[in-house]
Amino acid sequence: MANIIIVGTQWGDEGKGKIVDFLAEFADIVVRFQGGNNAGHTMVVNNEQFICHLIPSGIVQNKTCFIGNGVVVDPEVLVGEIDYLNNKGFPVDSNNLKISEKAHLILPYHKQIDIAREDKDGDKKIGTTGRGIGPSYEDKAARKGLRFVDLIDADVFCEKLKNIIKEKNFFLQHYLSADPLDSEKTIDQYSGYAERLAPHVADISVAIHRAIKKGKQILFEGAQGTHLDIDHGTYPYVTSSSTVAGNACCGAGIGPKEITGVMGIVKAYTTRVGRGPFPTELFDVTGDLIQKKGAEFGATTGRRRRCGWLDAVILKNSIRLNGLTGLGITKLDVLGGLETLHICTAYEYNGKILHDFPTDLKTLSGCKPIYETLPGWPEDISKIDNIDDFPKTTRNYLDRVEALAETPIDIVSVGPGRDETIMLRNPFL
Ligand code: GDP
Ligand code: IMO
Ligand code: MG
């Protein structure tokens, strides 16, 4: 039996949704374990596109989906996503979607604080998605959060909300110069969500444990990317959760001995949305070309993604931080038509060669990438379904990535569609 974690190795949007959808065929349950609706995971099946922000990408394979305790959930968004999938012909009910009773809620003041704080911070802002993710995790750590277990108990919810809203309104009005919230209105609104979502609320840890005992296979779907991790990313230009594989256990409520593999998703180049250092970022026509050909716009906020070459320094950082056992390379087709390709193998900083990703942002911002140059390929590879049919230079590029990563490539993706995927080794078998 196999239980596999999928994580992003870069700054998010590596194509995790697509690979999770593809691999979900071999799993029984797909579990989200961190983040919230800052995530935007895209699946394309039979030319139809689906974007999920909270519900695991296994839903389009009609798999059972769990939202773990480590996720912060905006009930309004979740209800909307259930309706969206139902309308698309993918029924979501209390049998195939379960939400941890321990998962924290995103409340209206979290979104308001997120947006008002970014406004106030001006050019020092993080560039968040404005979905209230940070403020919700802040409350969790401060032990002021409300959880699903509270949402489904009207009296408890009412009492806790009335208490906290006093503090939030003070902060909103007097520090952020924003409008205060009406607690009665929020209670009213959330009682509607409670009614809708109560049948889905469960003890996810127990449910996963029982499923594993019965021999079921679990796929854990990471959100964001390793370099947006609260501890290991480019702090403070990060998200507010732990995005690395180790957190799959904590955010789902299981022990590490159940995990049999960790796949890191690697875009064949690098993108970043939001602010923060990005050593291989391109500011030239090649960057624009990749951005256009790769349709690099955020799946959550629609913002243009910054684009650059593949960075093996951050890839190696991810391999160590996540204990990756295999790689899934995505968007290889996008590089087609470029005469030469570059892979960053180290950084140069003040005359010194750095092989490890530096912590200090001042250092990182001053790092110049050292590139290795490889020949590109003019051919369109998006219809190729066997790695042996790739042009020699495409094979070359993959071989070089694998050699630099010292980790096997398990999957190569050559288009957004589920069938535009070449599997070299199935982690579930
Ligand atoms: P995620 O957040 O990691 O799930 O990634 P997103 O869904 O935000 O962004 C990835 C984008 O690339 C989506 O629009 C996908 O449909 C698309 N995509 C995924 N894999 C491929 C691929 O191999 N080739 C191309 N051209 N597009 C891809
Ligand atoms: P998926 O799962 C790319 C970025 C935001 C911002 C920073 C903090 O689709 O890969 P937040 O709203 O989390 O407080 O914003 O993190 N960010 C993402 N970037 N993909 C994501 O998710 C992201 N989720 C958050 O742009 O820079
Ligand atoms: Mg995304």
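Each ligand, and each atom within it, is numbered from 1 in the order the structure gives. In what follows, residues are counted from 1 in the order of the sequence shown.
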Atom 24 (N) of ligand 1: which protein heavy atom is closest, and how many Å away? Asp333 OD1, 2.8 Å
Answer side chain, backbone, both or neither: which part of Trp11 comes under 4.0 Å from ligand 2, heavy atoms only. backbone
Considering non-hydrogen atoms of the protein only, which is the closest contact for atom 17 (C) of ligand 1, and what is the distance? Lys331 NZ, 3.9 Å
List in chain and number order the residues that pass side-chain contact (heavy atoms from CB on, under 4.5 Å) with Asn87, two or more places apart in sequence or in another chain; answer none if no residue qualifies. none
Contact region, Arg303 to ligand 2, non-hydrogen atoms below 4.0 Å, reads side chain
Distances under 2.8 Å only: what protein N/O/S atoms are near the Mg ion (ligand 3), ordered by chain and residue? Asp13 OD1, Gly40 O
If we only consider heavy atoms of Lys16, is any one of them less than 4.0 Å away from an atom in ligand 2? yes
Looking at Phe357, is Lys316 sitting on its ring face, NZ or CZ under 6.0 Å from the six-membered ring centre and within 45 degrees of the normal? no
Does either side chain, that of Thr301 or that of Arg303, offer a donor lying less than 3.5 Å from an acceptor on the other one? yes
Heavy-atom proximity to atom 7 (C) of ligand 2, picking from Val273, Ile51, Val238, Ile265, points to Val238
Ranked by distance from atom 13 (O) of ligand 2, the top protein heavy atom is Thr239 OG1, 2.6 Å
among protein heavy atoms, the one nearest atom 23 (O) of ligand 1 is Ser413 OG, 2.5 Å
For Leu228, which part has a heavy atom under 4.0 Å from ligand 2: side chain, backbone, both, or neither? side chain
Part of Ile51 with heavy atoms under 4.0 Å of ligand 1, whether side chain, backbone, both or neither: neither
Nearest non-hydrogen protein atom to atom 6 (C) of ligand 2, with distance, is Gly127 O, 3.1 Å
Could you verify whether a donor N or O on one side chain and an acceptor N or O on the other, from Lys18 and Ser413, lie under 3.5 Å apart? yes
Heavy-atom nearest neighbour in the protein, as seen from atom 7 (O) of ligand 1, with distance rounded to 0.1 Å: Thr42 OG1, 2.5 Å
Considering only the protein, which heavy-atom contact is closest to atom 10 (C) of ligand 1, and what is its distance? Asp13 O, 3.8 Å
Look at Arg418 together with Glu48 and state whether they make a salt bridge at an N to O cut-off of under 4.0 Å. no
